[in-house]
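These notes concern the structure reproduced below.
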Amino acid sequence: MGFGLIIFIGIIAFAIQAVQKQATDQSWSTVGRRTGLTTTSRSMFRSPSMSGTIRGVHVDARVVSRGSGDSQRRVTQYTVTFPSVGPPVQFRRQGVGSFLRGMFGGADAVIGDPRFDSSVEIDGADGAALQAFLTPARRAAILSIFSTWPSAVITDSTIRVETRRVERNQDRLLASLNRLVDSARLLGDPGPVNAALAQRDDGDLTDAADALHAAAAADAEPNTVTKVLEAEALIALDRAEEAKPILAAAATELPGDEEVAGWAAVADEQIARHEAASALPAPPPRPEPDAEPDRAPPSLAQQDTIDALFGSSRRGHEIEREFETRYAGETIEWSAEVESSRDYRSDRDFGDEPGTKTTMRIGSVGASTLMSNRVRAIVDLPADSDVDRGDTIAFTGTLLRVDRFTRTIYVADAALL
């Protein structure tokens, strides 16, 4: 009877393996046909793989084994290769491994961008060449890769990531390939995306959204990573109707992608609020997906607001939802140090009336004062406000929007106290 049980268990195990093999082969062959990659099926002595070129980027995906003995596991490995246009360099996400490598003489270069330097381990010797190579678009692409695949290894010509399992889901396979390919394209040729992200960092969010749109429109094969950045900027500008078709197109290239789905949900909520506000009579409020009716009103204290928005591991679309549902339109009284200030006759972010667009450092995430944790406010003060760099001023105003990408809060209709 014991021997019969062993035979029965063996048959069950064999059946499970056969079903898994069939599911894997079917998914990989389907994705291979959709992308034009050459696929090999799994056999007793060979794991499934696919390779070829997508939008000019060489792609290799395969199932590999990690570990040994009882701890052995099979994972999916993706490698994309693009022409090197920078100095020899390797990037890893900062972590325990970075500390250990530093103890044994490993190098960690810095480029002077505190947010990037604190998040990414840079193994490269030529500091000047690294600074020239790591443009705003390339830094954004690298940080995005690490947010999706923390164990990724990136060089000046390759991106390699591994999942924790054999990937059998067609949508996840396709989304991973497309996101990696478009990230590689951005690393290889960032083009006008650099200028757009520089505008965003300067607080000119409307101009940045337009520049991202122009960059995508000028590309014969629009980059999905760039398009998601454009959609995010449009939603921050309360222009969800324009973002929706962009996200719908992105969802075709990145099916099942959590970031795309999250931004699409926020866009739907924003559109519903617009419709509710314009309807006569107004319909009953549409419940939010994550509504918590018993939540207390938010604290509008300066540091409390910073920590509530940025002091957790929320994704970008979650920060946007939190701001729109709990903070947008609230009146605050804060104080901060002026970083820059300029008068304008009209401004695309604040409107056609004259004003003074003032950038301030309002605090840092948590107790840390590192520049990588800093949070800024772009404040619309009255025209000809007498403020200079280094001044500490108190002001009141209305919370208008948040840009999680640059950790910036926009404050409209402000006045000095």
Side-chain angles (χ1 to χ4, degrees), residues 30-39 50-61 78-86 132-145 148 154-159 161 170-200 206-235 237 239 241-257 259-261 263-264 267 405:
T30 300
V31 172
R33 287 194 300 271
R34 290 184 62 178
T35 57
L37 299 178
T38 301
T39 60
M50 64 178 80
S51 63
T53 301
I54 301 176
R55 296 188 288 282
V57 176
H58 184 267
V59 175
D60 180 271
Y78 303 88
T79 305
V80 297
T81 307
F82 50 95
S84 175
V85 292
F133 174 70
L134 287 170
T135 61
R138 288 192 176 110
R139 295 198 299 270
I142 291 169
L143 289 171
S144 177
I145 291 167
T148 304
I154 307 169
T155 74
D156 52 292
S157 61
T158 61
I159 306 170
V161 304
Q170 295 179 25
D171 285 350
R172 286 196 292 263
L173 273 169
L174 185 62
S176 295
L177 290 170
N178 282 326
R179 182 176 279 279
L180 287 168
V181 164
D182 281 345
S183 295
R185 292 172 61 210
L186 200 57
L187 287 171
D189 182 15
V193 179
N194 283 325
L197 295 184
Q199 288 175 310
R200 189 168 183 170
T206 303
D207 291 339
D210 290 348
L212 287 166
H213 178 77
D219 195 336
E221 297 179 297
N223 191 304
T224 305
V225 176
T226 304
K227 297 298 287 182
V228 173
L229 285 172
E230 178 193 354
E232 177 186 342
L234 289 170
I235 291 171
L237 289 164
R239 291 160 57 183
E241 292 85 352
E242 298 172 59
K244 276 292 289 182
I246 297 172
L247 291 168
T252 302
E253 297 296 320
L254 304 175
D257 186 272
E259 182 183 11
V260 174
W263 282 116
F405 189 84

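FYI, side chains are in, hydrogens and waters are out, and symmetry mates aren't considered; it's all heavy atoms of this structure. Values in this document were obtained by computation on a predicted structure and should not be read as measured data.
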Please test Asn178 against Thr224 for side chain to side chain contact (heavy atoms under 4.5 Å, CB included), starting from the C-alpha separation and ending with a verdict. CA-CA 8 Å; Asn178 282 326; Thr224 305; 5.7 Å; no

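- Take Arg138 and apply the salt bridge (Lys or Arg N to Asp or Glu O under 4.0 Å) test, not counting sequence neighbours, and it matches no residue.
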For residues 210-223, run the donor-acceptor check on the side chains, cut-off 3.5 Å, and write out each pair with its distance to 0.1 Å, sequence neighbours left out.
unit_1, atom_1, unit_2, atom_2, d
Asp210, OD2, Arg348, NH1, 2.6
Asp210, OD2, Arg348, NH2, 2.4
His213, ND1, Glu230, OE2, 2.9
Asp219, OD1, Arg185, NH2, 3.2
Asp219, OD1, Glu221, N, 3.0
Asp219, OD2, Arg185, NH2, 2.8
Asn223, OD1, Val225, N, 2.9
Asn223, OD1, Thr226, N, 3.4
Asn223, ND2, Asp182, O, 2.9

In sequence, state the C-alpha distance, the side-chain angles, and the governing distance for Arg179 and Glu259, and then conclude on salt bridge (Lys or Arg N to Asp or Glu O under 4.0 Å). CA-CA 11 Å; Arg179 182 176 279 279; Glu259 182 183 11; 3.0 Å; yes

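- Residues satisfying the side-chain hydrogen bond (donor to acceptor under 3.5 Å, both in side chains) test with Ser84, not counting sequence neighbours, are Asp156.
- The distance from atom OG1 of Thr30 to atom CD of Gln170, rounded to the nearest 0.5 Å, is 4.0 Å.
- To the nearest 0.5 Å, atom CG of residue Leu234 and atom CH2 of residue Trp263 are 11.0 Å apart.
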CA sep, side-chain torsions, deciding dist, call: Tyr78, Leu173, side chain to side chain contact (heavy atoms under 4.5 Å, CB included): CA-CA 10 Å; Tyr78 303 88; Leu173 273 169; 3.4 Å; yes

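- Taking Ala137 as the reference, Thr135, Leu186, Pro190, Val193, Asn194, Leu197 meet the side chain to side chain contact (heavy atoms under 4.5 Å, CB included) condition, with sequence neighbours excluded.
- Legend: residues meeting side chain to side chain contact (heavy atoms under 4.5 Å, CB included) with Thr35, ordered by chain and number and at least two apart, are Val31, Leu37, Ile54, Leu174.
- The heavy-atom pair separating Val57 from Ala184 by the smallest distance is CG1-CB, 4.0 Å.
- A pairwise comparison of heavy atoms in Gly86 and Phe133 identifies CA-CD1, 3.6 Å as the closest pair.
- In this structure Thr81 satisfies the side-chain hydrogen bond (donor to acceptor under 3.5 Å, both in side chains) test with no other residue, sequence neighbours excluded.
- Across all their heavy atoms, Ala267 and Ile235 have their closest contact at CB-CD1, 4.0 Å.
- Here Ser144 pairs with nothing under the side-chain hydrogen bond (donor to acceptor under 3.5 Å, both in side chains) rule; sequence neighbours left out.
- The shortest heavy-atom contact between Gly188 and Val85 is O-CG2, 3.7 Å.
- Of all heavy-atom pairs between Ile246 and Ala231, the closest is CG2-CB, 4.0 Å.
- For the pair Val59/Val181, a side-chain contact is recorded, criterion being any heavy-atom separation below 4.5 Å from C-beta on.
- For the atom pair Leu187 CG and Arg139 CZ, the distance stands at 12.5 Å (nearest 0.5 Å).
- Asp189 pairs by the salt bridge (Lys or Arg N to Asp or Glu O under 4.0 Å) definition with nothing, not counting sequence neighbours.
- With sequence neighbours excluded, no residue forms a side chain to side chain contact (heavy atoms under 4.5 Å, CB included) with Thr252.
- With contacts defined as side-chain heavy-atom distances shorter than 4.5 Å, the pair Leu177/Met50 qualifies.
- Remark: Glu242 engages Arg239 in a salt bridge (Lys or Arg N to Asp or Glu O under 4.0 Å) (not counting sequence neighbours).
- Note that NZ of Lys227 and CG of Leu247 are 10.0 Å apart. Values are rounded to the nearest 0.5 Å.
- Listed by chain and residue number, Arg200, Leu205, Ala209 satisfy the side chain to side chain contact (heavy atoms under 4.5 Å, CB included) test with Ala233 (two or more places apart in sequence, or in another chain).
- Qualifying side-chain hydrogen bond (donor to acceptor under 3.5 Å, both in side chains) partners for Ser157, counting only residues two or more places apart in sequence or in other chains: none.
- Contact of the Leu254 side chain with the Asp171 side chain is not registered, since no non-hydrogen atoms from C-beta on lie closer than 4.5 Å.
- Smallest separation of non-hydrogen atoms from Phe82 and Thr155: CZ-O, 4.0 Å.
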